[in-house]
Structures are given as C-alpha cells and as structure tokens.
Student: 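Have a look at this one before I ask anything.
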Amino acid sequence: MTLHLSLVGIGSGNPDHLTRQAIRALNRADLILLPRKGSAKADLADLRREILAEVLENPATRIAEFDYPTRDAATADYRQRVEDWHDAIAARWVDSIAAHPGATRVALLVWGDPSLYDSTLRIATRLNPRPDIEVIPGITSIQALTAAQAIPLNEIDGPVTITTGRQLRETGFPAGVDTCVVMLDGECSFQSLPPEGIQIWWAGYAGMHIQITDSGPLADAGPRIIAARAEARAAHGWIMDIYLLRRRGQAQISS
C-alpha cells in the first residue's frame, strides 16, 4: 500500500498554534515520528510530546521516537554536507516506519510551516517508493515575530526579502529592499552590517510562553540582543530566534 505522509506545521511549539486541520491529521495517523536531538535539545522533544498529549484522542495512534543524526563536520562542501545529512534523516524515517508494520498513515510534526526554510519536504522525496505527501500549513516564526512586536511585515507597497544569517554575512543587506527577515542565524549576523540607519525587531522563542523580544536602532539594540540570546541559550540549552531589519526612512511607521 502507498504510504501516506502528513507533514504537520505546528507553529512555534505553542499548542494554541495548531489548526483544527492539524489536529485532525495527527489523529488520523497510524504512526507519528518524533525526533530526539540529544540532551542539550531535550526541550524540543518534550514540546512535541506535550502537544501530542494535549491533542491526541485516537488510542490507535502510535508514537515512534528516533535519534536525529548530526551533520558531518568533516565534509567541507556545505551543500554536500546537507545532502548527506538529509539522506541520513530519511534512512531513520524508513527504519522507524519499518519497525511498525501496518502503519500506512504516518505524520511528522514540523516547527513553523513545512514550506519555509524547512527541509522536511526535501527529505520526504528521498523515500522510495515516494509516499503520498500531505502538507498541513502552520504558523510561521515570521507571523509570530510580527505579532509579538505588533508591526507590519512590509511597508506600503514595499517588497520584503526572507534570508538566512549566512547570506546576510556573505552578501550584506539584500539589494533592492528596505525590509528583510533573517532566519537560521546562530551567529547574530546583523553584527556584520554597518548599523547606521537600520532598525531591528527581534524575538527569541517567538510565540512560546518563554518568548523574549527586543527592538530599536541596530546600534543600540544589537548588543542587548546578543547578550539576551546568550543568556537564554545557556538557560534552556537551545534557542530559536528570528529578526526583522528595516532601513530607516521605511521604518518610521513602526519606530
């Protein structure tokens, strides 16, 4: 039988972010795969367990936990390192599903939304035979950030670029826009920019009960954010954060 794979966007880990569609999909599943990312990130698995404990009502649904592989730092080429990592993750999925005979409807909980800077969809295409893939959209960290800061994502008729910390460090503030959102940044890459004329709105654990925020001119807020981020990571063992940068002149409505 064809495997039906549901990729369920769960927002930032706040159970209130789950849609009714997401809850229905989880309760239809024969098997839910739950990754563990080591003791330093045990909270991430715990949050998934808490979500499932709150919304699962189907006693036949099984949960399969597996250890997440890590990237091989010895592979110098970044893209090849990621490709190899995705292959290893797909293999863990296959092993976990094979250990539960009869599971034809499988679900995975995806932070945020499966469409935005998440590799779950790419990993799913590695399964052979390819499953029937269903995507349940979720609240993105961008939505959680702009809600936490009570700001619009874009200015009137203004474009927005969504980028990564690595791209910001390597290429600078994206050309042709006054607003950019930076994700996947473990190095506070805004430090690589000349701060003059730039506003920043930042959130760590956006949308969660432990959410922390800061904002202001980059020259002033940047050092505060670096310190707050380090303190939060030390306290929790992990941090997910996101920020919006806006060049002055386009930032006046929210400054």
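Keep in mind the model is a prediction, meaning the values are calculated, not measured.
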Student: State, with a plain yes or no, whether a side-chain heavy atom of Leu18 is found less than 4.5 Å away from one of Ile51.
Tutor: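 In contact.
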Student: Is a donor on one side and an acceptor on the other found under 3.5 Å between the side chain of Trp85 and the backbone of Pro69?
Tutor: yes
Student: Counting C-beta onward and ignoring hydrogens, is there a side-chain heavy-atom pair between Met240 and Met208 closer than 4.5 Å?
Tutor: no
Student: Look up atom CG in Leu153 and atom CD1 in Ile162, then write down how far apart they are to the nearest 0.5 Å.
Tutor: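 It is 7.0 Å, given to the nearest 0.5 Å.
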Student: Same cluster for Leu5 and Ile23 if Ile/Leu/Val/Met/Phe/Trp/Tyr side chains link at under 4.5 Å?
Tutor: no
Student: Can you find a pair of side-chain heavy atoms, one from Arg49 and one from Leu52, that are under 4.5 Å apart?
Tutor: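 The answer is no, as the side chains (C-beta and beyond) never meet within the 4.5 Å cut-off.
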Student: Please check: side-chain N/O of Asn14 versus main-chain N/O of Gly207, any donor-acceptor pairing under 3.5 Å?
Tutor: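 Side chain of Asn14 to backbone of Gly207: a pair is present.
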Student: Check salt bridge (charged side-chain N to carboxylate O under 4.0 Å, His left out) between Glu134 and all other residues, then give those that pass, not counting sequence neighbours.
Tutor: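 By the salt bridge (charged side-chain N to carboxylate O under 4.0 Å, His left out) rule, Glu134 matches Arg28.
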Student: Tell me whether the count of non-hydrogen atoms from other residues, nucleotides or ligands lying under 6.0 Å of CD in Glu231 goes above 12.
Tutor: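 No, the 6.0 Å shell around CD holds no more than 12 heavy atoms from other groups.
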Student: For a quick test of your reading: what N or O donor-acceptor pairs under 3.5 Å do the side chains of residues 185-195 make, sequence neighbours left out?
Tutor:
from: Asp185; atom 1: OD1; to: Glu187; atom 2: N; distance (Å): 3.0
from: Asp185; atom 1: OD1; to: Cys188; atom 2: N; distance (Å): 3.3
from: Asp185; atom 1: OD1; to: Ser189; atom 2: N; distance (Å): 3.3
from: Asp185; atom 1: OD1; to: Ser189; atom 2: OG; distance (Å): 2.8
from: Asp185; atom 1: OD2; to: Ser189; atom 2: N; distance (Å): 2.7
from: Asp185; atom 1: OD2; to: Ser189; atom 2: OG; distance (Å): 3.4
from: Asp185; atom 1: OD2; to: Tyr243; atom 2: OH; distance (Å): 2.6
from: Ser189; atom 1: OG; to: Gly165; atom 2: O; distance (Å): 3.2
from: Ser189; atom 1: OG; to: Arg169; atom 2: NH1; distance (Å): 2.7
from: Gln191; atom 1: NE2; to: Glu187; atom 2: O; distance (Å): 3.2
from: Gln191; atom 1: NE2; to: Cys188; atom 2: O; distance (Å): 3.1
from: Ser192; atom 1: OG; to: Ser189; atom 2: O; distance (Å): 2.7

Student: Show the numbers, then the answer: is there a side chain to side chain contact (heavy atoms under 4.5 Å, CB included) between Leu3 and Asp132?
Tutor: CA-CA 6 Å; Leu3 177 69; Asp132 174 25; over 6 Å; no
Student: Filter on side-chain hydrogen bond (donor to acceptor under 3.5 Å, both in side chains), then keep only pairs touching residues 206-219, sequence neighbours left out; what's left?
Tutor: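 Pairs touching residues 206-219 that pass the test: Asp214-Arg224.
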Student: Say you draw a straight line from OG1 of Thr125 to NE2 of His86; how long is it, rounded to the nearest 0.5 Å?
Tutor: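 The distance works out to 10.0 Å.
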Student: Please list all pairs meeting salt bridge (Lys or Arg N to Asp or Glu O under 4.0 Å) that have one or both residues in residues 118-128, counting only residues at least two apart or in different chains.
Tutor: Glu83-Arg126, Asp87-Arg126
Student: For the CG atom of Leu47 and the CG atom of Leu34, what is their distance to the nearest 0.5 Å?
Tutor: 10.5 Å
Student: Group every Ile, Leu, Val, Met, Phe, Trp and Tyr by side-chain heavy-atom contacts under 4.5 Å, then state whether Val160 and Leu244 land in the same group.
Tutor: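 Val160 and Leu244: one cluster.
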Student: Atom CD of Glu196 and atom CZ of Arg247: how far apart are they, to the nearest 0.5 Å?
Tutor: 13.0 Å
Student: Could you tell me if the side chain of Ser12 sits less than 4.5 Å from the side chain of His17, heavy atoms only?
Tutor: yes
Student: Might you point out which heavy atoms bring Ala144 and Ala206 nearest each other, and give the distance in Å?
Tutor: CB-CB, 3.7 Å
Student: Looking only at heavy atoms, which two atoms of Gly9 and Pro114 are closest? And how far apart?
Tutor: CA-CD, 3.9 Å
Student: Is there a path of hydrophobic side-chain contacts, each under 4.5 Å between heavy atoms of I, L, V, M, F, W or Y residues, that connects Val135 with Val8?
Tutor: no
Student: Is there a side-chain contact between Pro174 and Gln167 in this structure, where contact means two heavy atoms from C-beta onward sitting under 4.5 Å apart?
Tutor: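 No, too far: nothing below the 4.5 Å cut-off.
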Student: How many angstroms lie between OG1 in Thr120 and CG in Leu33, if you round to the nearest 0.5 Å?
Tutor: 11.0 Å
Student: Do the side chain of Thr171 and the main chain of Leu168 share a donor and acceptor less than 3.5 angstrom apart?
Tutor: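 No; judged by distance alone, with no hydrogens or angles, the pair does not exist.
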Student: I need the minimum non-hydrogen distance between Glu57 and Pro59, along with the two atoms involved.
Tutor: O-CD, 3.2 Å
Student: Run the side chain to side chain contact (heavy atoms under 4.5 Å, CB included) check on Arg24 and Ile136 step by step: do they pass?
Tutor: CA-CA 10 Å; Arg24 286 195 299 268; Ile136 310 296; over 6 Å; no
Student: Between Gln149 and Trp202, which heavy-atom pair has the shortest distance, and what is it?
Tutor: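 The pair with the smallest heavy-atom distance is NE2-O, 2.9 Å.
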Student: Is the Trp111-Tyr117 ring centre distance short of 6.0 angstrom?
Tutor: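 Trp111 vs Tyr117: aromatic centres not under 6.0 Å.
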Student: Extract all donor-acceptor atom pairs below 3.5 Å that involve side chains of residues 92-110 and protein atoms in other chains or at least two apart in sequence.
Tutor:
from: Arg92; atom 1: NH1; to: Asp67; atom 2: O; distance (Å): 2.3
from: Ser96; atom 1: OG; to: Arg92; atom 2: O; distance (Å): 3.0
from: His100; atom 1: ND1; to: Ser96; atom 2: O; distance (Å): 3.0
from: Thr104; atom 1: OG1; to: Asp30; atom 2: OD2; distance (Å): 3.3
from: Arg105; atom 1: NH2; to: His4; atom 2: NE2; distance (Å): 3.4

Student: Cluster question for you: counting only ILVMFWY and a side-chain heavy-atom cut-off of under 4.5 Å, with indirect links fine, are Leu218 and Ile225 together?
Tutor: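 Yes.
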Student: Working to the nearest 0.5 angstrom, can you tell me the gap between Asp241 CG and Leu145 CG?
Tutor: 10.0 Å
Student: Would you call Thr179 and Asn154 a side-chain contact if the rule is heavy atoms closer than 4.5 Å?
Tutor: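 Not touching, per the 4.5 Å side-chain cut-off.
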Student: How would you list, by chain and number, every residue that makes a side-chain hydrogen bond (donor to acceptor under 3.5 Å, both in side chains) with Asn58, sequence neighbours excluded?
Tutor: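 Counting only residues at least two positions away or on another chain, Asn58 forms a side-chain hydrogen bond (donor to acceptor under 3.5 Å, both in side chains) with Thr61.
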Student: Taking the side chain as every heavy atom from C-beta outward, state whether Pro35 and Phe66 have any atom pair closer than 4.5 Å.
Tutor: yes
Student: Please answer: with hydrophobic residues joined when any side-chain heavy atoms are less than 4.5 Å apart, are Ile123 and Leu116 in the same cluster?
Tutor: no
Student: Report the C-alpha separation of Ser115 and Asp113 in whole Å, then their side-chain angles, then the decisive distance to 0.1 Å, and conclude whether the side chain to side chain donor-acceptor pair (under 3.5 Å) test is met.
Tutor: CA-CA 5 Å; Ser115 72; Asp113 185 280; 2.7 Å; yes
Student: Decide side chain to side chain contact (heavy atoms under 4.5 Å, CB included) for Lys37 and Trp238; before the verdict, give the C-alpha distance in whole Å, the side-chain angles of both, and the deciding distance to 0.1 Å.
Tutor: CA-CA 11 Å; Lys37 298 187 177 183; Trp238 64 279; over 6 Å; no
Student: Do His236 and Ile210 have side chains that get closer than 4.5 Å, going by heavy atoms?
Tutor: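 They are in side-chain contact.
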Student: Is the backbone N or O of Leu184 less than 3.5 Å from a side-chain atom of Thr164, with the two atoms forming a donor-acceptor pair by type?
Tutor: no
Student: Specify the closest pair of heavy atoms between Arg81 and Ala73, including all atoms of both residues, with the distance to one decimal.
Tutor: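 Nearest pair, atom of Arg81 first, then Ala73: CD-CA, 4.2 Å.
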Student: Taking all non-hydrogen atoms of both residues into account, name the closest pair between Pro137 and Gln21 and its distance.
Tutor: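 That closest heavy-atom pairing would be CD-OE1, 3.9 Å.
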